[in-house]
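First the proteins, then the strands, lettered A, B, ... as listed; each starts at 1.
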2 protein chains.
Amino acid sequence: MKTADPELMRAINRLSVLDTIRRHGAISRVEISERTELSTTTVSAITASLLDDGLILTRHEGDIRNEAVRGRPRVMLEVNPDAARVVGAKIAASRMVFVVANFRGDVLSTLTLPIRIDRQPIAVIADLVEDGVRRCVVDAGLSLEDVDSVCLGLPGVIEHRTGHIRSSPIFRETNIDFAAEMTARLSTPTIIESDAHAITLAHHWFGKARELEDMVLISLEQTLGLGVLHRNRLFRGAGGLSHNLGDLVLGMGAQGIVRLSSQAGESAILGEKQADGRFAEAVRLGRGMTHVQALIQADDDRLIAAAVRAGEAVGITIANIVTLFAPPRVILVGSSLALGEPFLNSLRDAYALAVPPSLKGVSELVFDDSTDDFWAQGAAAVALYELYESPWSTTGPAL
Amino acid sequence: MKTADPELMRAINRLSVLDTIRRHGAISRVEISERTELSTTTVSAITASLLDDGLILTRHEGDIRNEAVRGRPRVMLEVNPDAARVVGAKIAASRMVFVVANFRGDVLSTLTLPIRIDRQPIAVIADLVEDGVRRCVVDAGLSLEDVDSVCLGLPGVIEHRTGHIRSSPIFRETNIDFAAEMTARLSTPTIIESDAHAITLAHHWFGKARELEDMVLISLEQTLGLGVLHRNRLFRGAGGLSHNLGDLVLGMGAQGIVRLSSQAGESAILGEKQADGRFAEAVRLGRGMTHVQALIQADDDRLIAAAVRAGEAVGITIANIVTLFAPPRVILVGSSLALGEPFLNSLRDAYALAVPPSLKGVSELVFDDSTDDFWAQGAAAVALYELYESPWSTTGPAL
DNA sequence: TTTATTTAATCCGGGATCGGAAATAAAGCG
DNA sequence: CGCTTTATTTCCGATCCCGGATTAAATAAA
């Protein structure tokens with residue numbers, strides 16, 4: 001049971017105001033007051049402190065009310081884009097994508113490194129990540145000192161709270177204190193987060209879940225991940241570790257346990273097709289899925305069967321997640337969506353069949369095929385959220 | 001984003017102090033201060049107000065510190081058992097169990113009505129529940145006016161927040177506003193809750209999860225239920241509805257979807273054995289499971305096979321829950337545990353096989369065969385928790 | 001041009017909260 | 001019986017939120 005004091009109270013309300021401004025864009029104090037249910041007095045005090053800290057700006061045009069209103073015009077407030085800068089990254093097996101974002105979450109620069117880092121030693125991966133961060137920062141015309149924090153989104157079981165990677169398909173080792181490693185290398189506070197959580201927050205901030213405070217996202221990539229948004233916050237299980245859907249068990253087959261990853265993981269689908277040199281090459285370069293897509297359109301029977309089987313497995317899994325969380329919306333993302341109709345149709349069919357009748361219609365299925373930039377932007381949002389929450393300079397009242 | 005004000009702050013700290021006293025039994029102010037990390041000043045003020053409201057009592061003996069300590073002796077504080085009384089109930093298909101509990105959660109009286117209410121009209125069930133509540137209250141030497149609130153624990157999909165029963169095996173109808181119905185009948189505030197949530201809180205308050213703040217419980221009864229404790233609170237999905245594990249899908253069989261309930265539900269197991277008159281009679285009376293236990297010990301092959309299959313299905317499900325929540329402990333309760341070794345062994349084996357290697361050792365499996373009273377006591381705890389949270393009389397400072 | 005009206009934002013005072021320092025209470029010790 | 005020790009309470013200052021009065025900044029009307 002956490003203990004409350006005036007400081008916490010102010011922190012909560014400050015975050016509430018700042019987040020309201022971020023979500024709405026330019027907004028006046030009166031309207032903030034209405035939305036947060038804080039008194040105008042309090043909003044005035046908090047915004048004064050935010051202005052004082054340089055986190056927000058005033059803008060005198062743009063009062064959206066009906067033209068020709070009588071009284072004093074509202075002063076619009078907006079997040080100061082230059083109050084801070086963060087780096088967000090998506091680290092995947094065959095590529096790394098970096099973005100530099102400002103305090104509002106706008107992307108200032110993007111860098112994609114199409115390198116297979118899969119199973120390299122930690123030091124090599126850390127080198128590449130460090131290099132990517134530095135280059136992306138330079139691309140944005142900045143220096144690393146200008147960056148307030150970095151967030152890396154990785155696949156696997158990530159313990160955000162402690163900064164440890166419990167296990168990840170891109171590392172041979174387990175239980176790595178990667179946040180500490182990168183913080184030391186970059187001499188900038190670096191946090192790590194599950195890539196699924198990053199894209200979940202991306203959708204909450206910028207994408208298809210902006211208006212929702214509860215939501216579930218399922219990411220279908222090399223790893224199958226889950227993100228749960230609960231009351232506007234990422235739901236991190238006990239201990240703050242992320243969910244790894246691939247480990248879910250679908251049933252007992254003839255040769256023992258059948259895990260979801262064996263039915264719907266990238267490698268499970270790609271594994272159906274080997275031998276062929278061109279195909280192997282595409283897989284090695286991380287273009288497996290697009291290649292598969294082409295083959296499916298050319299009626300490759302084995303791959304179509306694999307896609308159908310994968311869709312079925314995922315559809316059932318989604319139904320199970322819906323049974324547990326009953327979210328108003330489920331967003332599906334990830335490279336496997338590129339498998340196209342055979343996959344999606346069997347997914348939809350299996351879901352419709354598997355979702356309990358009592359929950360039919362509760363959850364809406366949404367597919368999203370954002371690019372990797374969006375994942376990286378989500379990682380940036382994770383970093384920004386922690387900045388938003390942090391107490392900043394003036395803890396006392398502005399002098 | 002909830003807004004904070006001094007009132008909320010006090011409410012949080014009051015609950016924190018009161019809950020600390022409840023958990024620890026008799027405890028001094030200094031120790032409360034240490035545990036809650038509130039200053040002694042604040043603890044003093046809050047306890048004064050709690051004393052003023054009659055929620056706690058002082059006791060001058062019982063300072064546990066080493067005998068012959070020098071200074072002023074600590075005054076021990078404890079929850080006033082007579083500050084309130086609640087009724088908790090477990091409503092199941094073949095029986096209803098009621099308890100009256102005092103403010104501390106001690107059971108004052110118990111009443112079991114071994115009646116099959118399964119599928120009766122709402123009015124009939126409401127009549128029986130009303131009767132049970134009234135009789136149990138009288139048994140405790142009280143009148144209904146002495147009771148502050150009632151909590152009914154029911155199987156199925158229960159929407160605690162609104163008091164609606166979305167669907168329940170004991171009702172033919174769906175979406176019933178049962179809380180309102182019973183509040184009107186008893187003219188006492190009545191809340192409803194999933195039976196699984198009730199027993200989850202029972203274990204947190206009195207049972208096998210007292211020291212944990214995160215935990216998962218799986219109830220294996222007629223319905224398969226789930227309770228998740230997250231940071232000392234029941235985790236209720238979006239909209240506050242409960243989880244119904246029976247609807248989980250284990251895979252696709254020859255004839256379509258295979259749900260957990262068809263493998264491990266009470267009726268699935270009992271369904272294996274029919275015809276026999278004595279057995280049917282036992283099932284009708286809700287003694288099916290104990291009867292099955294006897295038959296299993298007598299080497300009834302079909303039932304043993306059913307138990308093994310059920311254990312397997314449940315073991316896999318538990319592994320999947322662990323994959324999602326990674327709780328430090330999983331508690332299993334419910335009548336199906338009575339199936340004995342064949343069931344439990346196959347459950348344990350399947351779990352060990354199905355739990356992802358990376359989470360091996362994270363969650364501990366605990367079996368619990370508490371009686372129905374304990375479930376009802378859990379429902380009482382749900383009611384008490386809401387009383388603990390409520391603002392009570394003196395909102396202002398004690399005069 | 002000047003004055004009224006309207007709406008936004010701020011200022012001021014009241015009430016509540018927490019926490020630190022000092023005072024008080026209640027024991028044992030010598 | 002005074003001294004020491006520990007627990008609790010009292011007093012006081014700082015912070016926070018809020019309601020009401022006040023000031024600010026615009027339009028509409030005279």
- Any Lys/Arg nitrogen of A:Arg329 or A:Glu211 sitting under 4.0 Å from an Asp/Glu carboxylate oxygen of the other?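 Here A:Arg329 pairs with A:Glu211 in a salt bridge, since their nearest N and O are under 4.0 Å apart.
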
- Pair B:Asp53 + B:Arg14, salt bridge at N-O below 4.0 Å: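 Salt bridge flag = yes for B:Arg14 with B:Asp53.
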
OP1 or OP2 of [N] versus the side-chain N and O atoms of [X]: is any pair under 4.0 Å?
| X | N | value |
| --- | --- | --- |
| A:Arg74 | C:dA8 | yes |
| A:Thr42 | D:dC18 | yes |
| B:Asn13 | C:dT17 | no |
| B:Arg10 | C:dT17 | yes |

- A:Pro6 vs A:Glu31, nearer the 5' end of DNA chain C by closest nucleotide: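 Going by which nucleotide is closer to the 5' end, it is A:Glu31.
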
- Task: Select from A:Asp5 and A:Thr40 the residue whose nearest nucleotide in DNA chain C is closer to the 5' end of that strand.
- Result: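 Nearer the 5' end of the strand: A:Thr40.
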
- Do A:Leu229 and A:Val216 come within less than 4.5 Å of each other through their side chains, counting heavy atoms only?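 SC-SC contact between A:Leu229 and A:Val216 ruled out.
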
- With side chains defined as the heavy atoms from C-beta onward, is the minimum distance between B:Leu108 and B:Arg85 less than 4.5 Å?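 Yes; the side chains approach each other to less than 4.5 Å.
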
Return the value, rounded to whole Å, for the distance between atom [atom1] of [X] and atom [atom2] of [N].
| X | N | atom1 | atom2 | value |
| --- | --- | --- | --- | --- |
| A:His60 | C:dA9 | NE2 | P | 10 Å |
| A:Leu51 | C:dA9 | CG | C1' | 12 Å |
| B:Ile46 | C:dT17 | CD1 | P | 9 Å |
| B:Glu7 | C:dG15 | CD | P | 15 Å |
| A:Glu37 | D:dC17 | CD | C1' | 14 Å |
| A:Ile12 | D:dC16 | CD1 | P | 13 Å |
| B:Ile32 | C:dC18 | CD1 | P | 14 Å |
| A:Ile27 | C:dA9 | CD1 | C1' | 15 Å |

Counting heavy atoms from C-beta on, name the nucleotide in [options] closest to the side chain of [X].
| X | options | result |
| --- | --- | --- |
| B:Arg70 | D:dG19, D:dT5, D:dT8 | D:dT5 |
| B:Pro73 | C:dA4, C:dA26, D:dT5 | C:dA26 |
| A:Val30 | C:dA8, D:dT8, D:dC18 | C:dA8 |
| A:Thr41 | C:dC12, C:dG19, D:dA28 | C:dC12 |

- Does NZ or CZ of B:Arg210 lie under 6.0 Å from the centre of the six-membered ring of B:Trp205, at an angle within 45° of the ring axis?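 B:Arg210 over B:Trp205 ring: no.
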
- In chain order, what residues pass the side-chain hydrogen bond (donor to acceptor under 3.5 Å, both in side chains) check against B:Thr42, with sequence neighbours excluded?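 If we apply the side-chain hydrogen bond (donor to acceptor under 3.5 Å, both in side chains) test to B:Thr42, skipping adjacent residues, the hits are B:Ser39.
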
- Does C:dC29 have a Watson-Crick or wobble mate here (both distances under 3.5 Å), and if so which one?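 Pairing partner: D:dG2.
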
- Single hit among B:Glu213, B:Arg23, B:Arg233 for side-chain hydrogen bond (donor to acceptor under 3.5 Å, both in side chains) with B:His204: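 Only one option passes, and that is B:Arg23.
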
Atom pairs, protein N/O to nucleotides 21-24 of chain D N/O, distance under 3.5 Å:
residue: D:dA24; atom: O4'; partner: A:Arg72; partner atom: NH1; Å: 3.4

- Do any pairs count as a salt bridge (Lys or Arg N to Asp or Glu O under 4.0 Å) and have a residue in residues 27-37 of chain B, sequence neighbours left out, and if so which ones?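 Sorted pair list: B:Glu31-B:Arg35.
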
